[in-house]
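Only one structure is covered here, and it is reproduced in the block below.
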There are 2 protein chains.
Amino acid sequence: MDPKVMDEILQRLQKEGIKITQQRKKIIEIIYDQQNHINADTLYAILKKQKAGVSRATIYRTLDLLVEKRYIQKMDFGEGRCVYEFKLGQPHHDHMKCLRCGKVIEFNDHIIELRQHTICQNHKFYPMSHVMQIYGICHECREKEKKNL
Amino acid sequence: MDPKVMDEILQRLQKEGIKITQQRKKIIEIIYDQQNHINADTLYAILKKQKAGVSRATIYRTLDLLVEKRYIQKMDFGEGRCVYEFKLGQPHHDHMKCLRCGKVIEFNDHIIELRQHTICQNHKFYPMSHVMQIYGICHECREKEKKNL
DNA sequence: GTCAGTGCAAACTTTTTGCACAGTA
DNA sequence: TACTGTGCAAAAAGTTTGCACTGAC
């Protein structure tokens, strides 16, 4: 992972009186390096493979901490478990999920973002974050279905 | 509940070879009459109070069925349990959730809906449903916070 | 040295499942 | 009557918690 990013996170955490532990560093690193979304269990498996010896409890506690401090984002695609992704310094984006193959496509659209702000203003609602997921069928799966007809 | 709506649902279910049971009717009725979102446990409590004697297993199985058949919508506000709301014949809407008081505000915006379709077209993605939740602070909670400063 | 952080195992919460029985079509 | 649907209780799955120990500052 980019050492600058890690340093920034560690410094920020330290400023808030949060202790920098080996476990926390490793968890941050794995989430950062992970291309896709990651869930608690996968994180646990990776740490186990690395023989890092980090317990599940610590993983959940660290994930909660990082979500609270806004370094990572927690999402739920209705799979019965939550997934996380690195957020700091990353541009905001939303997701499309294919109901056939499970693929997740990321997108970012400033018109939607702007419109959300307008809607919030109309409702005198002060937005802090949002999630948006579109469920449907991706191009590849539709092509496959066409062929099989 | 509106008997026409109930009839429509029952007829549609029957057409698909799904049996109409007392349990299913009661569950549909409660979700329909519920103003707010409802979760499986609350549904169970209401049924218990009515001495309807519907088991949790049946509730979950019926909820799954109704979601699949698109009569109700399942949502997750990150509370560790899912909530459901009646969908058939209701205009689509999204949600704002206040992080202070937990209130959920519904809104519908055709600009966002249109824009979502455009984005999907650009990605050759065929949308079937979507969820959008904005998290933040509602007007009332912000007013309260101002006073307490 | 102090106290926040960790590991472990047990507890908890929500949801799912197997199987015998019930009730709809 | 023939299955689909149900209830029950047990299991599964994900997450949280209590408590004694560890390690960062």
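Every chain is numbered from 1, with letters handed out A, B, ... down the list of sequences.
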For [X] and [N], what is the distance between atoms [atom1] and [atom2] respectively, to the nearest whole Å?
X       : N      : atom1 : atom2 : value
B/Glu79 : D/dG14 : CD    : P     : 20 Å
B/Lys15 : C/dA25 : NZ    : P     : 15 Å
A/Ile20 : C/dA4  : CD1   : P     : 15 Å
B/Lys25 : D/dG5  : NZ    : P     : 15 Å
B/Asn39 : C/dT15 : CG    : P     : 8 Å
B/Arg81 : D/dA13 : CZ    : C1'   : 17 Å
A/Ile27 : C/dG7  : CD1   : C1'   : 13 Å
B/Leu10 : C/dT24 : CG    : C1'   : 13 Å

Problem set entry | Donor-acceptor under 3.5 Å (A/Arg24 side chain, A/Lys19 main chain) | yes
Please tell me if [X] has a side-chain N or O lying less than 4.0 Å from either OP1 or OP2 of [N].
X       : N      : value
A/Thr21 : C/dA4  : no
A/Gln22 : D/dG23 : no
A/Gln23 : C/dG7  : yes

Exercise. Can you tell me how far the CD1 atom of A/Ile27 sits from the CD1 atom of A/Ile46, to the nearest 0.5 Å?
Worked result: 11.0 Å
For this session: Could you check B/Met75, B/Glu85, B/Met96, B/Lys97 and say which one makes a side-chain contact (heavy atoms from CB on, under 4.5 Å) with B/Val104?
Result: B/Lys97
For this session: Flag the pair B/Glu16 and B/Arg12 as a salt bridge only when some basic side-chain nitrogen lies within less than 4.0 angstrom of an acidic carboxylate oxygen.
Result: no
Problem set entry | Toward the 5' end of DNA chain C, by each residue's nearest nucleotide, A/Ala52 or A/Gly17 | A/Gly17
For this session: Spell out, yes or no, whether A/Ile119 and A/Ile111 are grouped together once hydrophobic residues are joined by side-chain heavy atoms under 4.5 Å, including indirect joins.
Result: no
Exercise. If we ignore angles and hydrogens, is there a donor and acceptor under 3.5 Å between the side chains of A/Gln133 and A/His95?
Worked result: no
Problem set entry | Residues from residues 54-68 of chain A lying under 4.0 Å of DNA chain C - heavy atoms | A/Val54, A/Ser55, A/Ala57, A/Thr58, A/Arg61
Problem set entry | Least distance between heavy atoms, B/Lys25 atom then B/Met6 atom | O-CE, 3.4 Å
